[in-house]
Amino acid sequence: MTDLATSASSIYSQILDVIGGVEPRIAEATRSELADQRASLKLIASENYASLPVLMTMGTWLSDKYAEGTIGHRFYAGCRNVDTVESVAAEHARELFGAEYAYVQPHSGIDANLVAYWSILAHRVESPALERLGAKNVNELSEADWETLRKSFAEQRVMGMSLDVGGHLTHGFRPNISGKMFHQRSYGTDAKTQLIDYDKLLADAREFKPLILVAGYSAYPRRVNFAKMREIADEVGATLFVDMAHFAGLVAGKVFTGEENPVPYAHVVASTTHKSLRGPRGGFVLATAEYAPSVDRGCPMVLGGPLSHIMAAKAVAFAEARTDAFRGYAQSVADNAKVLADGLLKRGASLVTGGTDNHLVLIHTSTFGVTGRQAESALLDSGIVTNRNSVPNDPNGAWYTTGVRIGTPALTSRGFGADEFDKVAELIVDVLSNTTPTLTAAGAPGKAKYTLADGVAERTKAAASELLDANPLYPGLVV
Ligand code: DSN
């Protein structure tokens with residue numbers, strides 16, 4: 001047992017006892033979650049395991065302080081320690097990503113994207129209008145001028161990757177506020193290669209003339225050329241906004257460099273901190289100096305008061321991500337994804353784009369005659385946690401889907417390497433090959449119910465246990 005594990009065991013046991021004295025069900029659920037996470041193969045591409053120092057940093061009285069505003073310019077008194085926390089986190093983020101400016105207040109990825117959108121609107125639409133009208137801020141505008149400006153926010157255009165090829169709801173789709181704020185057009189991928197077709201994207205952008213070009217994804221298993229994205233944005237006068245929530249860890253870990261690193265090319269970059277970056281649950285925004293003043297208005301523009309305890313944990317996670325150990329981790333995430341993809345392909349699976357060169361893999365479940373929902377459920381029965389996901393031109397829609405998305409960040413954090421990921425591929429193919437859809441009353445394959453052949457769940461769980469036991473989560477932690 002390491003010293004950290006010994007201390008953490010003692011600390012967390014006492015903390016859970018205290019919590020249990022107030023609400024035993026919460027202490028129980030917290031213990032149970034650790035047991036569940038320890039006992040399953042976590043392949044959700046957007047999840048990870050934060051370090052014990054990051055987890056510990058989240059549970060303090062920094063949570064009790066209101067600090068709306070910005071560093072040194074708060075709407076509340078007594079913020080000197082929050083100023084320190086936010087400054088350290090922002091400094092680490094700037095250095096880690098080589099950004100001119102970092103804003104670490106967003107509470108989540110959606111919040112970070114909202115800050116990005118509104119700061120771009122503030123910079124591109126509001127500021128020029130104020131200048132034209134000779135006003136310092138919106139409160140100085142006449143009612144008529146304000147009404148004109150307010151309406152102009154709703155006339156702006158955004159262009160992002162289509163949902164069914166891997167884009168994200170926040171990239172201008174109607175269920176999210178971004179789809180209600182903007183006129184939206186999506187770009188897809190080439191029908192044959194399933195890769196981004198930059199020439200087609202340019203032609204579409206020339207026609208649509210978006211104010212904002214969004215790059216980034218949540219289910220596209222390939223790298224993006226951000227230099228080309230910037231060329232396209234420049235050609236049509238768009239601001240390039242990159243949502244790197246999924247691959248921030250690969251950028252921080254210097255796996256994505258040169259034209260694959262969004263930071264030197266984008267005007268604004270938003271991200272989460274808890275996916276491949278392995279920090280606390282939260283978000284942040286990076287920007288060029290030009291966009292910094294408007295990003296800095298995130299709170300109270302679209303955010304509530306910053307979560308100081310989470311900003312502190314972001315600082316700790318960024319500090320961890322500066323290390324050689326994190327670089328090694330990030331490279332392993334990408335290497336392991338290739339092994340996982342190859343392991344699936346050689347056993348007969350079909351993958352969107354034919355493979356991966358980032359941290360995620362999208363399995364086409366039609367090869368196994370099941371929907372994404374059936375595959376996700378059968379895998380869960382077998383101790384493998386994934387999520388169903390649409391594939392390009394998905395015949396089953398966004399609810400049942402025809403895909404399962406899997407990723408390597410979490411299990412790589414546990415120490416899984418090539419041998420383990422090849423075995424994971426074997427287990428996945430075994431489960432999916434032994435899953436059959438239940439027939440509907442009309443005799444057609446249904447989309448939700450399924451049968452998993454006898455013994456498959458048990459043998460998969462047993463094999464998974466061997467892998468998990470050899471690579472324990474929070475080794476030595478006993479609560
Ligand atoms: N929930 C994240 C994901 O799973 O990709 C994005 O919203």
Side-chain angles (χ1 to χ4, degrees), residues 37 40-50 106-117 158 160-180 184 186 214-224 241-251 256 262 269-285 302-303 310 317 333-334 337 340 352-353 356 358-363 365 372-373 375-377 379-380 384-392 394 398-413:
Q37 295 215 20
S40 55
L41 286 173
K42 190 197 305 215
L43 286 170
I44 292 182
S46 50
E47 291 189 6
N48 211 328
Y49 306 104
H107 311 158
S108 71
I110 286 189
D111 287 3
N113 287 1
L114 254 188
V115 170
Y117 286 131
V158 69
M161 180 183 259
S162 163
L163 269 185
D164 77 344
V165 303
H168 192 256
L169 278 181
T170 54
H171 299 174
F173 295 93
R174 288 180 191 177
N176 177 258
I177 185 78
S178 59
K180 304 181 207 300
Q184 198 265 9
S186 26
V214 187
Y217 51 79
S218 63
Y220 178 70
R222 295 289 173 176
R223 301 183 188 193
V224 173
F241 162 45
V242 176
D243 176 352
M244 67 166 182
H246 259 264
F247 51 89
L250 300 185
V251 179
F256 289 2
V269 177
S271 182
T272 53
T273 37
H274 50 272
K275 295 186 172 93
S276 54
L277 194 51
R278 207 166 61 181
R281 190 158 291 279
F284 65 102
V285 178
V302 291
L303 295 177
I310 304 296
V333 165
L340 183 59
V352 173
T353 77
T356 181
N358 56 21
H359 64 296
L360 71 88
V361 174
L362 198 53
I363 306 172
T365 57
R373 175 154 171 188
E376 176 196 82
S377 301
L379 288 166
L380 185 64
I384 304 178
V385 189
T386 64
N387 68 279
R388 62 188 186 280
N389 209 100
S390 303
V391 295
D394 201 310
W399 180 250
Y400 293 109
T401 82
T402 314
V404 165
R405 185 187 69 163
I406 54 179
T408 52
L411 290 180
T412 303
S413 289

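Order of listing sets the numbers, starting from 1, for every ligand and every atom in it.
The minimum heavy-atom distance linking M244 with V251 is given by the pair SD-CG2, 4.0 Å.
For the pair R405 and L43, the minimum side-chain heavy-atom distance is 4.5 Å or more. A 4.5 Å side-chain heavy-atom check between V404 and N389 finds every atom pair outside the cut-off.
Remark: the backbone N or O of N48 is paired with a side-chain donor or acceptor of K42 at under 3.5 angstrom. For T356 (side chain) and L360 (main-chain N/O), a donor-acceptor pair under 3.5 Å exists by modelled atom type.
Ordered by chain and residue number, the residues placing a heavy atom less than 4.0 Å from ligand 1 are S46, H168, S218, H246, K275, R405.
In the displayed structure, R223 atom CZ is contacted under 6.0 Å by more than 12 heavy atoms of other residues, nucleotides or ligands.
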